[in-house]
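For reference, the structure discussed in these notes is given below.
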Amino acid sequence: MSEALDKWRVLVLHGPNLNLLGLREPNVYGRVTLEEINQRLGELAAQRQAALRIAQSNHEGALIDAIHDAREWAHGILINPGAYTHTSVALRDAISAVALPCVEVHLSNVHRREPFRHHSFITPVALGVIAGFGWRSYTLGLMALLDALDEQCASRS
Ligand code: DQA
């Protein structure tokens with residue numbers, strides 16, 4: 001990654017159980033693996049002169065540490081918080097604390113699913129949410145984040 005030459009640096013974070021994509025409930029989450037999603041994000045980032053650092057963790061604290069670290073180097077965050085979406089005040093507070101623009105994504109349309117998935121602790125601290133488009137939620141989310149960063153930059157100059 002040639003971060004110095006890139007316009008934007010983005011942390012991509014995948015939450016718990018997303019390492020099992022491709023195998024995990026394919027009728028809900030599709031057959032595309034996390035590696036393939038990361039590859040597609042990488043291709044899009046290259047077209048947009050953006051650099052990505054990508055991490056997945058099944059541990060809430062590790063996700064929070066990655067968000068804190070991003071303060072030092074990233075312009076924005078793309079996150080699928082997985083089940084922590086619906087449970088984690090700590091993750092929400094971390095995003096709020098670093099004050100980086102953040103886009104929340106979900107493969108599935110959480111609003112068509114069980115009621116416990118309808119509430120997100122993350123949404124109030126996110127720029128926006130994309131859900132229900134399978135792996136494309138990630139690429140749509142990255143496009144939205146980079147467009148927002150471009151716009152922010154244009155409005156400052
Ligand atoms: C998910 C939706 C969550 O409710 C679930 O716990 C996940 C994946 C999604 O991408 O659709 O792990 O974030």
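Ligands are counted one by one from 1 in listed order, and the atoms in each one are counted from 1 as well.
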### Query
Are Asn58 and Gln56 close enough that a side-chain donor and a side-chain acceptor fall under 3.5 Å?
yes
### Task
Check whether the ring centres of Tyr29 and His106 lie less than 6.0 Å apart, and answer yes or no.
no
## Note on the structure
Sorted by chain and residue number, the salt bridge (Lys or Arg N to Asp or Glu O under 4.0 Å) partners of Asp150 (sequence neighbours excluded) come out as Lys7, Arg48
### Query
With a 4.0 Å cut-off, would you call Glu114 and Arg117 a salt bridge?
yes
### Task
Verify whether one side chain among Glu104 and Thr123 offers a donor that lies under 3.5 Å from an acceptor in the other.
yes
Return a table of N or O atom pairs, ligand 1 on one side and protein on the other, at distances under 3.5 Å, rounded to 0.1 Å.
unit_1   : atom_1 : unit_2 : atom_2 : d
ligand 1 : 4 (O)  : His86  : NE2    : 2.7
ligand 1 : 4 (O)  : Arg117 : NH1    : 2.8
ligand 1 : 6 (O)  : Ala83  : N      : 3.2
ligand 1 : 6 (O)  : Arg117 : NH1    : 3.1
ligand 1 : 10 (O) : Asn80  : ND2    : 2.9
ligand 1 : 10 (O) : Leu107 : N      : 2.8
ligand 1 : 11 (O) : Leu107 : N      : 3.3
ligand 1 : 11 (O) : Ser108 : N      : 2.9
ligand 1 : 11 (O) : Ser108 : OG     : 2.6
ligand 1 : 12 (O) : Arg24  : NH1    : 3.2
ligand 1 : 12 (O) : Arg24  : NH2    : 3.1
ligand 1 : 13 (O) : Asn80  : OD1    : 2.8
ligand 1 : 13 (O) : His106 : ND1    : 2.8

### Query
So how far is it from Ile64 CD1 to Ser88 OG, rounded to the nearest 0.5 Å?
5.0 Å
